[in-house]
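Whatever order the structure lists ligands and atoms in, that order sets their numbers, starting from 1. One-based numbering along the sequence shown. These numbers were taken from a predicted model, which means no experiment stands behind them.
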Amino acid sequence: MFQIIDGKKIAAQIKEEVKSEAEHLRKQGKEICLAVIQVGEDPASSVYVRNKQKACEYVGIQSVLKKLPENISEEELLATIEEMNHDCGINGILVQLPLPRHIDEDKVIKAVHPDKDVDGFHPENVGRLCIGEKGFLPCTPAGIVKLLKYSGIEIDGKECVIVGRSNIVGKPMALLLLRENGTVTIAHSHTKGLKEITKRADILIVAMGKPLFITADYVKEGAAVIDVGIHRKEDGHLCGDVDFASVKEKVSYLTPVPGGVGPMTIAMLMQNCVAASE
Ligand code: GUN
């Protein structure tokens with residue numbers, strides 16, 4: 001029998017905690033404010049941004065949305081961020097990714113002041129994570145560690161395999177699991193013999209961006225599998241990188257899509273906003 005890891009429920013608990021912390025801070029006269037920058041009208045980004053704003057409203061964090069046109073110049077975007085860096089009324093700044101191709105994403109990430117970097121993407125925060133110093137943790141990997149802990153899944157000494165090496169998920173995920181004393185392997189698109197590697201995992205984190213790629217023959221009996229992927233199928237339904245129907249027969253724990261990792265990313269963002277105000 002496998003257990004569904006209910007990200008929606010765990011995220012709701014975390015948001016309640018954040019809500020009371022925000023209320024406590026408000027009573028001391030401290031308002032928390034998140035600035036979200038969206039460049040262009042990418043429909044998926046619009047959904048993510050709306051969900052982040054809804055979460056802010058729920059927990060009692062102010063949010064300001066700065067919508068900028070698709071053809072905005074890099075200089076203008078950097079100037080907007082710089083203005084927000086100096087605005088004492090703004091605690092956290094989030095630039096929704098991806099950005100249009102004419103804008104250098106790395107430059108934009110570096111432009112956000114590390115103390116307002118609630119995404120945890122700035123090289124200073126990445127470096128802090130790398131050497132175990134306190135800093136903003138990237139929301140998706142931090143949310144995954146919470147999911148594992150809330151579900152009572154031990155990481156210490158466990159064989160952890162991550163499929164995907166992005167700066168947003170794969171790499172910080174590896175560092176966080178290492179910090180929890182996991183034995184960590186990162187596999188990626190050039191990895192040979194992927195199946196043999198993923199089958200070693202007690203904890204398998206899949207962030208490869210390929211719909212339904214991981215089937216039962218990629219997983220070990222009794223493993224915990226976390227699916228970071230999200231895709232819209234032709235029939236309109238959502239699915240992950242993991243073939244839920246086949247994998248659930250073999251594992252002990254599995255996250256659904258939707259309702260697994262996604263809500264946790266937003267809950268961790270709310271936590272980071274509180275931390276940014278302190
Ligand atoms: N695009 C996809 N995921 C994220 C995220 O966590 N933060 C930002 N800023 N953009 C994203």
Note: Phe121, heavy atoms under 4.0 Å from ligand 1, region reported as side chain
Same cluster (ILVMFWY, side-chain, under 4.5 Å), Leu238 and Phe244
no
- Item | Lys149 and Glu180 ion-paired at < 4.0 Å | yes
Here the atoms of ligand 1 under 4.0 Å from any heavy atom belonging to Gln96 are 1 (N), 9 (N), 10 (N), 11 (C)
- Okay, side chain of Gln53, backbone of Ser63: is any donor-acceptor separation there less than 3.5 Å? no
Check your understanding: Any N or O on Asp119 sitting closer than 3.5 Å to an N or O of ligand 1?
Key -> yes
Counting heavy atoms under 4.0 Å, the part of Thr140 that contacts ligand 1 is neither
Is there a protein heavy atom less than 4.0 Å away from atom 1 (N) of ligand 1?
yes
Please verify the inter-ring angle class for Phe213 with Tyr218; under 30° counts as parallel, over 60° as perpendicular, anything in between as tilted.
tilted
_Electrostatic pair Glu278-Lys30, nearest N-O below 4.0 angstrom_ = no
If we number the atoms of ligand 1 from 1 as shown, the ones under 4.0 Å from a heavy atom of Leu94 are 9 (N)
Q. Quick one: does Pro98 get an N or O within less than 3.5 Å of an N or O on ligand 1?
A. no
Okay, side chain of Thr191, backbone of Leu194: is any donor-acceptor separation there less than 3.5 Å? no
Within 4.0 Å of some non-hydrogen atom of Val95, the atoms of ligand 1 are 8 (C), 9 (N)
* Is Lys8 reaching over with its side chain to a backbone N or O of Gly259, donor-acceptor style, under 3.5 angstrom? -> no
When distances are taken from atom 10 (N) of ligand 1, the protein heavy atom at minimum range is Leu97 N, 3.0 Å
